[in-house]
Structure formats: structure tokens, C-alpha cells
Amino acid sequence: MDKVVTCVAPVNIATIKYWGKRDEHLILPLNDSVSLTLDCDQMHAKTSVIAGPFIDEDSVWLNGQIMSIETNERLKKCFHLIRNLIKIRKGENSQESKWNIRVCSENNFPTAAGLASSAAGYACLVYTLANAFGLLDEDLPSIARQGSGSACRSIYGGFVHWKAGIDELGSDSTAIQIAADTHWPEMRIIILVVNDSQKKTSSTVGMKQAVETSELLKYRVQKCVPERTKGIIQAITDKNFEKFAEITMRDSNQFHAVCLDTYPPCVYLNQVSHDIISFVHDYNKAVGKIKVSYTFDAGPNAFLFIQQNDLNLFMSELVNVFPSEQPNSSYLRGIVSTLPYEVKPFGFKPKDKDLLKYIMVTKLGSGPRCVNDHLLNDDGTLKSKQ
Ligand SMILES: Nc1ncnc2c1ncn2[C@@H]1O[C@H](COP(=O)(O)OP(=O)(O)OP(=O)(O)O)[C@@H](O)[C@H]1O
Ligand SMILES: C[C@@](O)(CCOP(=O)(O)OP(=O)(O)O)CC(=O)O
């Protein structure tokens with residue numbers, strides 16, 4: 001390989017949450033999950049790869065810092081699985097499987113801040129390595145999964161179903177696309193980044209403790225998730241927003257109930273998160289229809305779903321209720337018209353200023369892709385920033 005290969009990969013947000021593993025080492029989930037893949041234009045991981053006999057050792061740079069591969073089991077596993085795939089495709093003694101690899105990656109949004117950087121990051125790593133070595137095939141979700149479970153869903157665009165599977169070795173635990181982003185182009189995602197300095201329990205640790213101690217998790221896995229997965233796939237297929245939205249909110253609420261049922265409890269939501277939940281329910285009640293829904297991962301930030309036609313009216317009420325001291329363009333980001341929104345349709349009472357850091361509006365995306373804007377030079381050196 002004498003040229004750098006660079007790809008971008010998206011964040012995905014689950015509407016049916018993955019929470020709990022049946023195998024910690026292989027990263028096999030206890031239950032199915034369903035997610036939406038976001039557009040790379042607003043948020044992405046970007047990864048450049050170069051490999052060859054002229055690279056002296058394996059190395060990974062993330063956001064300008066070198067990462068230790070030796071102490072990072074998941075990173076090591078992804079390198080190992082890619083080299084295995086090279087051997088399977090190109091022969092046990094292929095030279096390419098022996099080459100050292102240099103990786104340089106950057107996220108254009110905060111890393112390790114509850115915005116699913118590990119999903120975008122590992123999907124990008126695996127997708128870029130696969131492109132670099134000509135290995136694009138159906139094994140990619142399984143390899144990305146072993147970097148971070150939710151990463152397997154970022155390999156595809158649109159709406160994605162990660163099937164838990166039952167095989168002990170995980171051969172049937174993989175992600176498939178339910179529908180492309182073009183199936184529901186009106187869908188918008190509003191990310192409310194909550195001002196928060198609290199240190200959270202990582203998803204990996206939180207879900208392990210839930211498997212060990214939560215009774216509610218057992219009921220969720222056996223009864224609720226199978227019914228909801230079926231229901232939400234139907235709602236997506238039919239573009240039935242109200243059904244999609246209700247299942248999404250119920251599943252987020254139950255996931256956080258499981259976190260509280262964990263002993264000792266894991267608390268990811270804060271007061272602002274609860275204010276957002278109340279606001280969404282009040283708004284839907286005022287309109288008389290479910291127009292907007294929320295979901296929360298292992299942190300206080302909210303991910304809201306709404307259709308394009310309803311966006312402007314909702315945004316004017318949202319910025320009224322959650323005002324900011326900052327200039328317009330840094331508070332409102334992504335595909336949204338800027339302040340001021342004159343209309344305050346329902347006149348809800350404004351809360352204190354700056355409860356939110358910023359608001360990002362984005363849409364569905366089509367999944368990872370290759371780009372020409374590299375982070376490495378062809379000799380393997382890091383590109384210097386202008
Ligand atoms: N672009 C990337 N390339 C490779 N690895 C990455 C990349 N981005 C993030 N990671 C890995 O993911 C880790 C962050 O994962 P973590 O689960 O702590 O945060 P998050 O995914 O942003 O938040 P959450 O899982 O709560 O949504 C990083 O420390 C790094 O190991
Ligand atoms: C709450 C979640 O975001 C949990 C994501 O967990 P991770 O995929 O980050 O966990 P590991 O597999 O241990 O890396 C829900 C979801 O994305 O389905």
C-alpha cells in the first residue's frame with residue numbers, strides 16, 4: 001500500500017438500547033438493539049491509515065495524542081481480527097498481514113463525552129482498515145463490535161438492527177440495515193448537549209454491574225425488548241412517527257430505570273435531563289399529538305427526534321425554554337436557521353440561562369465513506385495543521 005486511505009464514519013443513536021453483555025470478551029449483547037445513523041456532515045470520526053514495510057511499528061494517534069495499543073485490549077483485538085481477515089482473503093503467508101500499520105484519527109466533536117465517539121471511532125477504524133486492504137465485506141460489523149458494541153451499527157446508514165444472536169461464538173450477532181436514510185428523509189435529530197462536569201460510570205462498567213445486580217434487566221431482555229424491537233421496526237417501515245416516538249421514549253426511560261435498579265445505582269440523567277423530558281411531554285400535550293421524542297444514553301445529553309415540518313415551531317419554543325447567553329451561531333449548530341425565533345407558540349416558562357452548552361441539529365446519514373482529505377502523508381508522517 002503506497003497511498004494513505006482516509007474515511008469518515010458516523011455516530012449512531014439507539015432507540016432500543018443495547019445494555020448488557022452475554023459475553024464480555026467477544027462483546028455479545030443480551031438483547032437486540034435498533035439505532036439511527038446520523039449524517040457525517042455534522043458529526044464524524046475521520047481516520048487515515050497507511051501500512052507497508054516502511055512503517056516501523058503499529059501506532060494509533062487519536063486527536064493528536066498517541067494511544068497505547070499494548071494496553072488497549074479492544075484496539076489490539078481489532079488489529080488482530082483485520083490481520084486474520086487479510087490471511088483468510090489473501091493467503092496465510094501474505095506479506096500484507098505482516099505489515100505494520102499507522103493510524104491517525106480525529107473526531108470533529110467531543111471525545112468520551114457521552115456523544116458516542118467510541119461507536120464512530122471504532123466503526124471508522126475498521127472501515128478504513130478494510131478499505132486500505134481491500135476487505136470490504138459482511139465481517140465488518142463483527143470486527144467493529146469487538147472494538148465497542150454499538151460501533152457495529154455505525155457501519156451502516158439509515159436505520160440499523162443489531163441482532164443479539166444465540167451462537168456462543170457470535171456468528172449470528174451482527175448488524176443489518178432496516179431501511180436506508182432516504183426512506184425517511186424528513187427525520188431530524190436534535191442533540192442537546194447539557195452543561196455537566198460530573199464524571200460518569202462508563203457504559204462498559206455500568207452494563208456489567210446491571211447484568212450482575214438488576215432484576216429489572218432480566219424482565220427487559222426477556223419481555224420488553226423483543227416486543228419493542230418488533231414494534232419499532234414496523235413503525236420505521238410504515239413511517240409511523242407517533243409509534244416510533246413512543247417506543248423510543250419508553251425504551252430510554254426503562255434503560256435508565258435499569259440503571260437505577262443496578263446496585264449500587266448508576267445515575268446518568270441529571271436535573272436538566274429531567275427538565276428536558278418534562279418539556280417534551282408538555283410540548284406534545286400542548287400540540288395534542290406526539291411531535292417530538294427523546295432518548296438518553298449513558299449521560300445527561302438528550303437526543304430528540306422530530307420531523308422537518310415540525311422543527312421550526314419546536315425550536316422556537318425550545319430556545320425560549322432553554323435560553324443561552326452565547327452568540328447565536330455557537331449555541332445553535334448544524335442544519336437549523338439561526339435565532340431569533342420570534343414566535344413562542346405555547347409560551348412555556350423560560351428556565352435559567354445556559355443549562356445547555358449547545359444545540360446541534362442533524363439528519364440521517366448513509367454510513368461511512370472514503371474522503372480525500374488525509375491526516376497522514378504517504379510516507380507515514382502526520383500532516384501538520386495549517
Ligand atoms: N476516532 C477514534 N478512533 C479510535 N478510537 C476512538 C475514537 N474515538 C473514540 N475512541 C475510543 O473511544 C473511547 C471513548 O469512549 P467512551 O465510551 O468513553 O466515550 P463516548 O463513546 O464518547 O461516550 P458514550 O459511550 O457514553 O456515548 C476513547 O477513549 C477511545 O478509546
Ligand atoms: C447506552 C448505550 O449507548 C450503550 C453503548 O455501549 P457501548 O457500545 O459504548 O459499550 P461497549 O460495548 O462496552 O463498548 C446504548 C446503545 O448505544 O445502544
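Counting starts at 1 for both ligands and their atoms, following the listed order.
Contact between L125 and ligand 1 is absent, with no heavy atom of the residue lying under 4.0 Å from the ligand. Residue contacts with ligand 1 include G114, since one or more of its heavy atoms lies under 4.0 Å from the ligand. At a 4.0 Å cut-off, at least one heavy atom of L115 sits close enough to ligand 1 to count as contact.
A 4.5 Å side-chain heavy-atom check between Y122 and I143 finds every atom pair outside the cut-off. When side chains are defined from C-beta on, S148 counts as touching R74, because their heavy atoms get closer than 4.5 Å.
For R250, the CZ atom sits in a loose shell: 12 or fewer heavy atoms of surrounding residues, nucleotides or ligands are nearer than 6.0 Å.
Contacts between N107 and ligand 1, counted as non-hydrogen atom pairs separated by less than 4.0 Å, involve the side chain only. At a 4.0 Å heavy-atom cut-off, ligand 1 touches M67 through the side chain alone.
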Exercise. Could you go step by step and tell me if R102 and D56 meet the side-chain contact (heavy atoms from CB on, under 4.5 Å) rule?
Worked result: CA-CA 9 Å; R102 175 158 297 179; D56 52 2; 3.8 Å; yes
For this session: Apply salt bridge (Lys or Arg N to Asp or Glu O under 4.0 Å) to E212 and K208, showing your working.
Result: CA-CA 6 Å; E212 286 161 3; K208 186 166 187 283; 3.2 Å; yes
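Taking the six-membered ring where tryptophan is involved, the planes of F296 and H256 are perpendicular, since the angle between them exceeds 60° and thus also 30°. Using the six-membered ring where Trp is involved, Y283 and F348 have ring planes that are tilted, between 30° and 60° apart.
When only interatomic distances are considered, the shortest N/O to N/O separation between T111 and ligand 1 does not fall below 3.5 Å. For P110, no nitrogen or oxygen atom sits less than 3.5 Å from a nitrogen or oxygen atom of ligand 1, counting backbone and side chain alike.
Taking every heavy atom of S105 and a limit of under 4.0 angstrom, the matching atoms of ligand 1 come to 1 (N), 2 (C), 3 (N). Below 4.0 Å from some heavy atom of A113 lie the following atoms of ligand 1, by number and element: 22 (O). Those atoms of ligand 1 with a heavy atom of K200 less than 4.0 angstrom away are 23 (O), 24 (P), 26 (O).
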Output block, N or O contacts of ligand 2, threshold 3.5 Å exclusive:
from	atom 1	to	atom 2	distance (Å)
ligand 2	3 (O)	D297	OD2	3.4
ligand 2	8 (O)	S148	OG	3.2
ligand 2	8 (O)	S150	N	2.9
ligand 2	8 (O)	S150	OG	2.7
ligand 2	12 (O)	Y18	OH	2.6
ligand 2	12 (O)	G149	N	2.8
ligand 2	13 (O)	K21	NZ	2.7
ligand 2	13 (O)	R74	NH2	3.0
ligand 2	13 (O)	T204	OG1	2.8
ligand 2	14 (O)	R74	NH1	2.6
ligand 2	14 (O)	S148	OG	2.7
ligand 2	17 (O)	R153	NH2	2.8
ligand 2	18 (O)	Y18	N	2.9
ligand 2	18 (O)	R153	NH1	3.0
ligand 2	18 (O)	R153	NH2	3.2

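The presence of a protein heavy atom under 4.0 Å from atom 29 (O) of ligand 1 is ruled out.
The hydrophobic cluster around V4 extends to I50, F54, I55, W61, I66, L376, L382, counting ILVMFWY residues whose side-chain heavy atoms fall within less than 4.5 Å of a member.
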